[in-house]
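Below you'll find the structure, written out as structure tokens, and then a few comments.
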Amino acid sequence: MTDWKQDRFKSFDGVEIAWRSAGDGRTVLMLHGFLADAERNWIAPGIADVVIAVGFKVIAPDLRGHGRSGAPTDQANWPKDVLADDHFALIRHLGLIDYDLVGYSLGARTAARMLVRGATPRRAVLGGMGASGVMESGARAAMFEDAIRYGDRAKDPRAGHRVHAMMVQGGLNPEAMLGVLSSFVPTTEAELRRIKTPTLVVSGDRDQDNGSAEALAELLPNGQVASVPGDHLSAVVEPLLANTIAAFLAA
């Protein structure tokens with residue numbers, strides 16, 4: 001059984017960010033998806049264990065608003081690109097210089113924002129993410145906002161029901177989740193084409209939630225694409241996802 005250490009620090013604006021760490025070796029910073037946390041995205045499905053088993057130390061924060069991290073409701077605590085800023089602050093706090101960066105869904109979006117803003121990991125993985133999810137923040141954010149505000153009365157009642165169930169399961173504050181959405185910043189094609197980091201874009205074969213993974217990989221000078229069975233949610237528990245991420249990082 002993996003022995004996870006839990007810790008916290010105050011980010012650039014004083015909001016506390018919690019993270020877990022385990023393993024020895026090269027550090028991998030792993031960022032989870034929207035309405036999830038490190039436990040549900042990386043630890044419970046066994047992805048972190050597979051990465052640790054091939055010789056890495058995993059640092060898995062709970063993103064602002066999620067899990068054990070602070071969940072402010074004041075809009076002042078949700079400036080543009082705040083999630084990227086939190087993780088730049090965590091990298092500085094930990095003194096990381098040589099590390100890898102992995103994200104899934106919102107975590108992949110955050111990782112992409114970090115890359116275009118100067119993060120220099122040795123390798124990066126963008127999971128559950130496609131070109132439109134990075135480049136066009138509006139439509140996806142609007143769908144989630146509608147679901148959060150109106151639940152079963154949302155334009156897509158099934159999405160509203162599912163989102164509310166996920167918030168209840170995760171103990172998430174709706175106002176904080178709206179703050180996450182308001183912080184989104186679109187990334188341009190030109191910015192993506194300047195990313196030099198070797199990057200794997202991996203998604204479920206039935207996952208089009210954030211657009212085309214192939215199109216995103218094609219925009220990255222050192223991008224490659226992989227597919228695993230599943231949709232946006234079920235791919236996380238597919239063993240091939242964990243093995244694909246670990247193999248790319250270990251190569």
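Quantities reported herein were computed from a predicted structural model and do not represent experimental measurements. All values below come from the heavy atoms of this structure, side chains included, with hydrogens, waters and symmetry mates left out.
Side-chain contact between Leu200 and Leu126: absent, with no pair of heavy atoms (C-beta onward) separated by less than 4.5 Å. Counting heavy atoms from C-beta outward, Leu35 and Phe144 have side chains that approach closer than 4.5 Å. Side-chain contact between Arg117 and Asp85: present, with at least one pair of heavy atoms (C-beta onward) separated by less than 4.5 Å. With a 4.5 Å cut-off on side-chain heavy atoms, Val58 and Ile43 do not count as touching. The shortest distance between side-chain heavy atoms of Tyr99 and Arg122 does not fall below 4.5 Å. For the pair Asp7/Ser21, no side-chain contact is recorded, criterion being any heavy-atom separation below 4.5 Å from C-beta on. Two residues are said to be in side-chain contact when any heavy atoms from C-beta on lie closer than 4.5 Å; Ile17 and Asp62 fail this criterion.
In this structure, Tyr104 has its ring center closer than 6.0 angstrom to the ring center of His232. Centroid-to-centroid, the aromatic rings of Trp19 and His93 come within less than 6.0 Å.
When all heavy atoms of Gly160 and Ala154 are compared, the closest pair comes out as CA-CB, 4.3 Å. The nearest pair of heavy atoms linking Ala84 to Thr110 is N-CG2, 3.7 Å. Nearest heavy atom pair, residue Ile148 against residue His164, reads O-NE2, 2.8 Å.
Side-chain contact of Gln224 with Thr199: a donor-acceptor pair under 3.5 Å is absent, judged by distance alone. Residues Asp86 and Ser11 have side chains that bring a donor and an acceptor to within less than 3.5 angstrom of each other. Looking at Arg113 and Thr187, their side chains do bring a donor and an acceptor atom within 3.5 Å of each other.
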I'd like to know whether Lys10 forms a side-chain contact (heavy atoms from CB on, under 4.5 Å) with Val15, so could you lay out the CA-CA distance, the side-chain angles of the two residues, the decisive distance to 0.1 Å, and finally the verdict. CA-CA 5 Å; Lys10 288 187 177 181; Val15 172; over 6 Å; no
side-chain contact (heavy atoms from CB on, under 4.5 Å) between Val125 and Leu101, worked out: CA-CA 6 Å; Val125 178; Leu101 181 61; over 6 Å; no
Would you please test Ile59 and Leu94 for side-chain contact (heavy atoms from CB on, under 4.5 Å) and show each step? CA-CA 10 Å; Ile59 294 178; Leu94 297 172; 3.4 Å; yes
Walk me through it: do Asp100 and Arg26 pass the test salt bridge (charged side-chain N to carboxylate O under 4.0 Å, His left out)? CA-CA 8 Å; Asp100 294 333; Arg26 180 185 193 82; 3.2 Å; yes
Run the numbers on Met129 and Val134 for side-chain contact (heavy atoms from CB on, under 4.5 Å), then give the verdict. CA-CA 7 Å; Met129 186 52 57; Val134 174; 3.5 Å; yes
Derivation of the salt bridge (charged side-chain N to carboxylate O under 4.0 Å, His left out) call for Asp13 and Arg64: CA-CA 12 Å; Asp13 62 350; Arg64 178 178 297 226; 2.9 Å; yes
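In this structure His161 satisfies the side chain to side chain donor-acceptor pair (under 3.5 Å) test together with Asp152, sequence neighbours excluded. Scored by the ring-ring contact (aromatic ring centres under 6.0 Å, His included) test, His32 finds His66 as partners (sequence neighbours excluded).
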Please set out all donor-acceptor pairs under 3.5 angstrom arising from side-chain atoms of residues 236-251, sequence neighbours excluded.
| residue | atom | partner | partner atom | Å |
| --- | --- | --- | --- | --- |
| Glu238 | OE2 | Leu240 | N | 3.1 |
| Asn243 | ND2 | Pro239 | O | 3.4 |
| Thr244 | OG1 | Leu240 | O | 2.7 |

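At a threshold of 4.0 Å, the pair Lys57-Asp24 does not count as salt-bridged, since none of the basic side-chain nitrogens sits closer than that to a carboxylate oxygen.
The cluster map of Ile, Leu, Val, Met, Phe, Trp and Tyr, joined by side-chain heavy atoms under 4.5 Å apart, puts Tyr150 and Val163 in different clusters.
The side-chain tip of Arg109 points at the ring of Phe184 from less than 6.0 angstrom away and within 45° of straight on.
Within the model, atoms CG of Leu178 and CD of Gln75 stand 9.0 Å from one another, a figure rounded to the nearest 0.5 Å.
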